Number of protein chains: 2
Amino acid sequence: MAKSERLARPVSITGRSTRSIGEVITFLRDEFPELSVSKIRFLETQGLIDPQRSQSGYREFTDDDLRRIQYVLREQRDHFLPLKVIKAKLQAWEAGTKSGPAAESGPPADIYFAEPTEALDASELATACGLDPDVIGDLISLGILRPRTSSRGTWIFDEVDRSVGHAAARLLDRGLDLRHLRSIKLGADREYDVLIQLAGPLLRHNNPESRQRATDILADTAHAASQLQEGVLKGRLRAELRP
Amino acid sequence: MAKSERLARPVSITGRSTRSIGEVITFLRDEFPELSVSKIRFLETQGLIDPQRSQSGYREFTDDDLRRIQYVLREQRDHFLPLKVIKAKLQAWEAGTKSGPAAESGPPADIYFAEPTEALDASELATACGLDPDVIGDLISLGILRPRTSSRGTWIFDEVDRSVGHAAARLLDRGLDLRHLRSIKLGADREYDVLIQLAGPLLRHNNPESRQRATDILADTAHAASQLQEGVLKGRLRAELRP
DNA sequence: ACATCCCTCAACAAACGGTTGAAGGTTCGG
DNA sequence: CCGAACCTTCAACCGTTTGTTGAGGGATGT
């Protein structure tokens with residue numbers, strides 16, 4: 001009985017069981033023809049994956065492990081990220097759900113609100129985000145993008161605009177339309193109002209120390225608010241997906 | 001005359017003249033303290049820059065050259081791009097036409113929607129989050145925390161609840177009250193509705209592959225939506241903080 | 001039993017991103 | 001005109017990243 005259970009190993013990604021390292025290769029060969037056994041083992045030595053082991057020491061890859069490998073390979077292929085960075089991203093996302101005593105507070109204010117380091121014009125933004133140039137005007141009129149205006153009257157976008165534009169492009173690709181983006185923007189506006197109401201008095205104070213303090217509070221609170229909303233959404237979706 | 005012109009070499013970036021390689025270093029040292037002469041020369045051998053030369057063979061860097069170096073260094077520092085890719089981007093930009101970038105993808109679905117790995121009861125959650133036990137009931141009745149219920153009727157929280165609880169605790173500490181949290185929660189609800197409307201048909205399909213596909217889309221879209229909202233908020237706050 | 005898979009561990013290696021040093025020319029102030 | 005402080009090229013060297021290869025041996029499936 002136990003023996004026949006061990007032998008049964010459905011090959012489908014939807015199956016309940018696990019796959020050996022060789023099966024992983026054949027599984028991903030369509031998308032990643034270059035993938036090798038040694039590379040997967042290498043990813044393990046680098047701490048990017050950590051599959052369970054069988055009694056005899058064989059690696060056993062779950063569906064989750066498979067998707068994780070897929071993600072790593074895509075980040076390498078599509079965004080040229082070094083494995084260290086991919087690992088950090090994976091860990092950051094895990095921390096979002098599994099955070100231990102760390103993450104007492106958000107990123108420091110100077111990271112959250114650093115001075116802009118990029119200056120893109122509209123066409124640069126469009127190509128950087130894979131966004132139709134026409135849509136950029138829409139996003140601006142919705143208040144989703146908030147470019148500065150140069151002396152010559154053209155728009156100047158910074159790196160926050162770029163990340164916003166990128167997220168918007170992803171959503172539009174997925175079939176959402178501007179109406180949906182607008183409703184997300186309204187959510188951000190409400191958070192903004194609350195935060196300003198909270199830190200406003202400190203911000204208007206002329207004392208630079210109060211200002212700095214207000215900035216810190218704002219950064220941390222904004223981060224927490226975003227975390228909260230993402231967490232609530234995640235929780236509801238998880239509940240929905242749970243069989 | 002010609003001689004005095006060669007000698008006059010304004011140091012400002014706005015000046016019309018050019019800078020020697022050493023002057024470039026001192027110029028960029030604020031933003032890139034590690035920058036070396038050899039690195040700039042190396043960038044030239046790799047074809048990323050191509051400064052003019054003086055009669056005697058010295059490199060002469062224009063303001064454009066400076067901005068180009070700045071761009072290269074920022075792409076390295078902020079986006080970890082290999083020099084080859086940066087070079088390709090520069091060339092594409094010079095060619096006037098630009099290829100569409102690969103869509104940036106979010107975390108893999110298994111990280112966004114992994115099966116719960118933690119099971120906390122209410123008091124464990126309270127201590128883990130630094131949250132008053134009384135408040136937990138409030139958060140549940142607001143729908144912010146969504147615990148499962150054990151067979152004995154007690155609440156079971158998972159790691160998403162913990163991160164939500166943590167964020168809520170931070171916000172309450174900062175002076176927000178439950179009313180504010182509720183409005184954030186409503187924002188999440190609206191995003192949830194949109195996403196379910198989008199992926200619902202796929203989710204209800206029995207084909208496990210469609211289900212998986214729907215889960216992936218949902219994870220990516222949820223992530224993009226959160227990114228968008230956080231980005232919009234960040235942008236508004238930045239604008240507010242800008243002097 | 002025997003092919004085929006899997007394991008570890010160590011050695012190797014190609015590409016990337018520079019640094020260092022030798023040998024020598026240029027510029028500038030005194 | 002000299003010396004200090006620049007600048008030049010070129011070749012050799014270096015650490016890190018990202019794996020591959022091979023030896024030696026165990027596990028699995030038919």
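Throughout, a chain's letter reflects where its sequence line sits, starting with A, and its residues are numbered from 1. Heavy atoms only: backbone and side chains are in, while hydrogens, waters and symmetry mates are out. If you're wondering where the values come from, they're calculated on a predicted model, not measured in any experiment.
In this structure, A:Leu172 and A:Leu181 have side chains that are in contact, with non-hydrogen atoms separated by less than 4.5 Å. Residues A:Gln52 and A:Thr62 have side chains not in contact (no heavy-atom distance under 4.5 Å, counting atoms from C-beta outward). Using a 4.5 Å heavy-atom cutoff, the side chains of A:Phe157 and A:Ile140 are in contact.
Counting to the nearest Å, the C1' atom of D:dA5 and the CD1 atom of B:Ile25 are 16 Å from each other. Straight-line distance from the CD atom of B:Gln55 to the C1' atom of D:dT8: 15 Å, rounded to whole Å. Separating the CD atom of A:Glu23 from the P atom of C:dC6 is a distance of 7 Å, rounded to the nearest angstrom. Spacing between atom CZ of B:Arg19 and atom C1' of D:dC7 amounts to 17 Å, rounded to whole angstrom units. Rounded to a whole Å, the CZ atom of B:Arg77 is 18 Å from the C1' atom of C:dG17. Computed from coordinates, the B:Phe80 CZ to C:dC16 C1' distance equals 16 Å when rounded to whole Å. Nucleotide C:dG25 holds its P atom 20 Å from the CD1 atom of B:Ile21, rounded to whole Å. A:Phe61 has its CZ atom 14 Å from the C1' atom of C:dC5, to the nearest Å.
Side-chain N/O atoms of A:Ser56 include none lying less than 4.0 angstrom from OP1 or OP2 on D:dG26. Considering only side-chain N and O atoms, A:Arg59 lies nowhere under 4.0 angstrom from the phosphate OP1 or OP2 of C:dC6.
The salt bridge (charged side-chain N to carboxylate O under 4.0 Å, His left out) test with B:Arg19 singles out one residue from B:Asp65, B:Asp64, B:Asp63, and that residue is B:Asp63.
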Under 4.0 Å protein heavy-atom contacts per nucleotide of nucleotides 15-22 of chain D, with B for base, S for backbone only and - for none
--SBBBB-
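Which of D:dT9, C:dC6, C:dT8 sits closest to the side chain of B:Arg53 comes down to D:dT9.
Between B:Gln76 and B:Leu81 the shortest heavy-atom distance is CG-O, 4.0 Å.
The pair B:Arg74-B:Glu31 meets the salt-bridge criterion, since a charged nitrogen lies less than 4.0 angstrom from a carboxylate oxygen.
Without hydrogens or angle criteria, A:Glu124 side chain to A:Asp121 main chain gives a donor-acceptor distance under 3.5 Å.
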